[in-house]
Asker: 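Dropping a structure here in structure tokens format, bear with me for questions.
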Amino acid sequence: MSAEDIKRLGRKFRKEIIDTSDRLGMDTALVTKESLVEVLTYLRDDEKLQYNMLRHLTCVDYLHREPRFEVVYALYSVSRRQQVVIKAPVTEDDPVIDSIHHLYGCANWAEREVWDMYGIRFKGHPDLRRILLYEEFEGHPLRKDYEKQASQPRVELLRAERDAFEEFKTYHLGEPAEGSRV
Amino acid sequence: MVDTNHDMDTAGIHTAPMLLNMGPSHPAMHGTVRMVLTLDGETVIKCDAEIGYLHRGFEKECEHSTWTQVFPYTDRLNYVSPLLNNFGFALAVEKLLEIEATPRCNYIRTIMGEVARLSDHLTCMGAGSLELGGFSGFLYAIEARELVWDLIEEVTGARLTVSYGRIGGLKNDLTADFAERWKVVRERVLRIWEDINRLLTKNRIFLDRMEGTGVISQADAISYGLTGPMLRSTGVDYDIRKDKPYFAYGELDFDVPVGTRGDNYDRYLVRLEEIRQSIRIIDQALLKLPDGPVNCDDPRVVLPEKERVYNSIEGMINHFKLVFEGIQVPAGEIYSYTEGGNGELGYYIVSNGTGKPWKVSIRSPSFYNMCPISKFVEGGMVADIIPTFDTINMIGGEIDR
């Protein structure tokens, strides 16, 4: 059934779909990154499709290949029990793609992780901070050109507090924290 | 969402919101996670969770190991049920290799997987009881978990970091007396289950803390990608073991318990019932356990018998190449998913046709279950965070990788 969904998608978005595949039983469509939000909205909201759950969001770095990155969205329809995978290519020069946090709640953290690990920026994301690593980390460790044993510069202990504490001071108490960046 | 513009000037007393750091080292924050709470009195008006304190670079390490060397790393994801992680990874690579495990292997994976699920659920319930002040509930659950871990130790040789899965098979077969030992363990676990049930399920204090706290609606739960007991407690019967049966689940009879309200108490009840269902699955699988080899007959994947390695040049070369160059997995990519202890455990793996994975990405259930944490706790009391955080059952190793 999910193979038919991909065909349906192909008929609806003739120009936007670059490629489709069903290798190893995984129905996949490669779409342009400009049309991503439109395609996902269609998949989520169409009566006959109902892909209402975002199973997984990740990115693959194909170094030395153009376009270098592929952002991967595994969607699932809980009611129809079907899965499709949507991929969108992202180039190294312009590592930006539209955020889908308004379509799927879990995309918020998942996109933060992809930003953290691969340095893909999600346009429109409300809170694109690093999630697993710390703010001062230099580079994006899951990029293939990041050496596994690469060392990080020593972080001077900040006199300022960060993140939630800083925000609290600024917005709730009306006074910025010491050394605040806000 | 809660109204953050609270009227802080009630009855002429000037009050201001307060900031509270919970964690990263806090007895109730199992694993290490920091929650920054903005409080109005005892009401949480904003919650920001900070994860990553246990980040060890799992995915980067995997990219520099052979496919088989990934197994010890998967042990350290959800360290309460490492067997499920092992089998999930093995299944993903087998899909890429387009090979199938033997029937006996599938049954053993089912059995051991459910044993691991028992350990996962018992730990979650025991810790939950402890954090709400019921120390005896914890002792009972941990006693049952010890019995389960003894069983795991007997088969795999380790209690926690088992590394029992292999691509195309298993490290070894079940021990000869496994069925007998299971019979003993089963009786005692069921008795303890009764004890926990009597101790907690209708306990006034327990009910007061669990009922109606940490509620999430069905639509939100789906949108946030919650899976496992978290999603089932809202009434969605989503269980990969039923929806897309893998291993031997398609041939076994079991029920998927669902809740109705999506609160902490329902999540507790779902886990309670799942323990019984797991026991049911193991019983049936042991009866149906087919004979035959545990490893599939494929020299590209499975190490040859020691007899051949020591006595024939072909066997030795085969062994050498598999260990040093690794299993050669054809280029391709797959998203493979199994039902882990806390929900959907997915592996998105990409191979470029060499002995090392190009990418191993984990869809860890804890990560997605923790994502709506602010939705769970905002508007509630500080004390409600404790049972909510427990039924989410966040495992540090899995969420931070």
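Naming convention: chains lettered A, B, ... in sequence-line order (proteins, then strands); numbering from 1 in each chain.
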Asker: Check the orientation of A:Y76 and B:Y238. Use parallel for under 30°, tilted for 30 to 60°, and perpendicular for over 60°.
Answerer: tilted
Asker: Tell me if the centroids of the rings in A:Y42 and A:F13 come within less than 6.0 Å of each other.
Answerer: yes
Asker: Sort out for me which of A:M117, A:Q83, A:R81 touches chain B most, counting heavy-atom pairs under 4.5 Å.
Answerer: A:R81
Asker: What part of B:E344 is in contact with chain A, defined as an atom under 4.5 angstrom from a non-hydrogen atom: side chain, backbone, both or neither?
Answerer: side chain
Asker: Between chain A and each of B:I334, B:L231, B:V236, count heavy-atom pairs under 4.5 Å; write down the option with the most.
Answerer: B:I334
Asker: Any chance you could measure B:R56, atom CZ, to B:E61, atom CD, to the nearest 0.5 Å?
Answerer: 10.5 Å
Asker: Would A:H140 and A:W115 count as a close aromatic pair, with their ring centres under 6.0 Å?
Answerer: yes
Asker: Under 4.0 Å between a side-chain nitrogen and a carboxylate oxygen: does that hold for A:D93 and A:R68?
Answerer: no
Asker: Could you tell me which non-hydrogen atom of A:Y62 sits nearest to which non-hydrogen atom of A:E70, and how far apart they are?
Answerer: CE1-OE1, 3.6 Å
Asker: I'd like to know which of B:S223, B:G52, B:P372 tops the heavy-atom pair count under 4.5 Å against chain A.
Answerer: B:S223
Asker: Between A:L103, A:L57, A:V72, A:T28, which shows the greatest number of heavy-atom pairs under 4.5 Å with chain B?
Answerer: A:V72
Asker: Answer yes when A:D46 and A:R8 have at least one side-chain N-carboxylate O distance shorter than 4.0 Å, and no when they do not.
Answerer: yes
Asker: Is A:V78 close to chain B through its backbone or its side chain, or both, or neither, when contacts mean heavy atoms under 4.5 Å?
Answerer: side chain
Asker: Please classify the contact between B:F367 and chain A as side chain, backbone, both or neither, with a heavy-atom cut-off of under 4.5 Å.
Answerer: both
Asker: Where does B:A221 contact chain A at under 4.5 Å (heavy atoms): side chain, backbone, both or neither?
Answerer: neither
Asker: State the CZ-CZ distance between A:R112 and A:R129, to the nearest 0.5 angstrom.
Answerer: 4.5 Å
Asker: Where does A:A110 contact chain B at under 4.5 Å (heavy atoms): side chain, backbone, both or neither?
Answerer: both
Asker: Do the side chains of B:K242 and B:D237 get close enough for a salt bridge, i.e. N-O under 4.0 angstrom?
Answerer: no
Asker: Is chain B contacted by the side chain of A:D61, its backbone, both, or neither, given a heavy-atom distance below 4.5 Å?
Answerer: backbone
Asker: Going by atom types alone, do B:N342 and B:N393 pair a side-chain donor with an acceptor below 3.5 Å?
Answerer: yes
Asker: Report which part of B:L54 has an atom under 4.5 Å of a heavy atom belonging to chain A: side chain, backbone, both, or neither.
Answerer: neither
Asker: Select one option (side chain, backbone, both, neither) describing which atoms of A:M53 are under 4.5 Å from chain B's heavy atoms.
Answerer: both
Asker: Checking heavy atoms, do the side chain of B:E333, its backbone, both or neither come under 4.5 Å from chain A?
Answerer: both
Asker: Given a strict heavy-atom distance threshold of 4.5 Å, which part of A:R55 is in contact with chain B: side chain, backbone, both, or neither?
Answerer: both
Asker: Check whether B:S336 gets within reach of chain A through its side chain, its backbone, both or neither, counting any heavy atom under 4.5 Å.
Answerer: neither
Asker: Given a strict heavy-atom distance threshold of 4.5 Å, which part of B:K60 is in contact with chain A: side chain, backbone, both, or neither?
Answerer: both
Asker: Search all heavy atoms of B:V270 against all heavy atoms of B:S233 and return the closest pair with its distance.
Answerer: CG2-CA, 4.1 Å
Asker: Can you say whether B:Y335 sits under 4.5 Å from chain A via the side chain, the backbone, both, or neither, judging by heavy atoms?
Answerer: both
Asker: What part of B:N352 gets within 4.5 angstrom of chain A, counting heavy atoms only: side chain, backbone, both, or neither?
Answerer: neither
